[in-house]
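The structure appears below as structure tokens.
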Amino acid sequence: MPFELTISIDRYGKALLDTFTMVSASAGIALLAGIPLAILLIVTAPGGFLESPRTNRIVGSVVNGFRATPFIVLLVALIPFTRLVTGTTIGVWAAIVPLAISATPFFARIAEVSLREVDPGLIEAAQAIGCKKWDIVRHVYLPEALPGIIGGFTITLVALISSSAMAGAVGAGGLGDLAIRYGYQRFDTQVMLIVIAVLIALVTIVQTAGDRVAHWLRSR
């Protein structure tokens with residue numbers, strides 16, 4: 001008996017597009033917000049050029065609080081805020097809000113680790129020649145930490161793909177929604193297997209591309 005899809009290719013394509021939209025939009029927000037957060041944590045830490053233990057503790061506590069909250073719990077807890085921002089609590093754009101809020105502190109901590117690994121001697125040399133504080137961030141911290149930041153962003157993308165599938169359980173759309181509604185609830189093993197295969201392929205592509213970019217930056 002020839003292999004036949006139990007649901008149309010168009011439905012898989014729509015689910016894949018929804019997942020891509022959720023992941024790309026939330027990843028973009030996490031990138032734009034996470035790097036400034038990481039820089040703030042670095043420069044306000046003990047020994048940083050804007051040392052402020054109180055600010056560092058407050059920001060670090062907020063970041064840790066969001067990181068410690070499981071995504072499914074955060075998804076539910078943010079329903080009022082999501083409704084305020086998007087006007088709805090279901091669908092792709094509603095899912096982007098908790099996805100971005102969950103991914104931002106996660107990425108910020110990874111970026112912070114990369115920034116912390118920058119050779120202190122380079123920072124001291126830049127200060128010795130009179131570089132301004134934010135010039136040190138732009139021309140020393142970020143370029144030196146870039147390979148690690150790219151690697152961390154890759155990990156964040158992979159985590160977002162997983163979280164976007166989880167968001168499908170509450171009507172966010174995407175591959176997760178397809179797997180729940182057509183695979184689990186209708187006991188269609190074929191749909192489940194296809195969705196799993198697509199998710200594995202997405203993660204493999206993202207991880208491979210991120211690793212290659214990070215390796216190229218390190219070898220320059």
(message) Are I42 and V137 connected into the same hydrophobic cluster when the rule is that any two of I, L, V, M, F, W, Y join if their side-chain heavy atoms are below 4.5 Å apart?
(response)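 As far as the 4.5 Å side-chain criterion goes, I42 and V137 are connected within one cluster.
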(request) Indicate the atoms forming the closest heavy-atom contact of G151 with A214, along with that distance. (result)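 In this case the closest contact between G151 and A214 is N-CB, 4.4 Å.
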(message) Looking at every non-hydrogen atom in both residues, tell me the closest pair between G148 and S114 and how far apart they are.
(response)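 It is C-OG, 3.2 Å.
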Expected output: side-chain [X] to main-chain [Y] donor-acceptor under 3.5 Å:
X    : Y    : value
T104 : I101 : no
S102 : P98  : no
T19  : L175 : yes
T208 : I205 : no

(message) Name the residue from L75, V158, L99, V23 that meets the side chain to side chain contact (heavy atoms under 4.5 Å, CB included) definition with S163.
(response)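 The residue from L75, V158, L99, V23 that satisfies side chain to side chain contact (heavy atoms under 4.5 Å, CB included) with S163 turns out to be L99.
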(message) Please enumerate all residues that pass salt bridge (Lys or Arg N to Asp or Glu O under 4.0 Å) together with R83, with sequence neighbours excluded.
(response)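 Here no residue qualifies.
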(message) Clusters formed by hydrophobic residues whose side-chain heavy atoms approach within less than 4.5 Å: which one holds I200, and what are its other members?
(response)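 Besides I200, the cluster holds I196.
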(message) Taking NE2 in H139 as the centre, count heavy atoms belonging to other residues, nucleotides or ligands within less than 6.0 Å. Is the count above 12?
(response)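 Check passes, neighbour count above 12.
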(request) Inspect the contact between K14 and D10 and indicate whether a charged nitrogen and a carboxylate oxygen are less than 4.0 angstrom apart. (result)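 Answer for the salt bridge query: no.
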(request) Would you give the length of the straight line joining atom CG of L31 to atom OG1 of T156, rounded to the nearest 0.5 angstrom? (result)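 Separation between the atoms: 9.0 Å.
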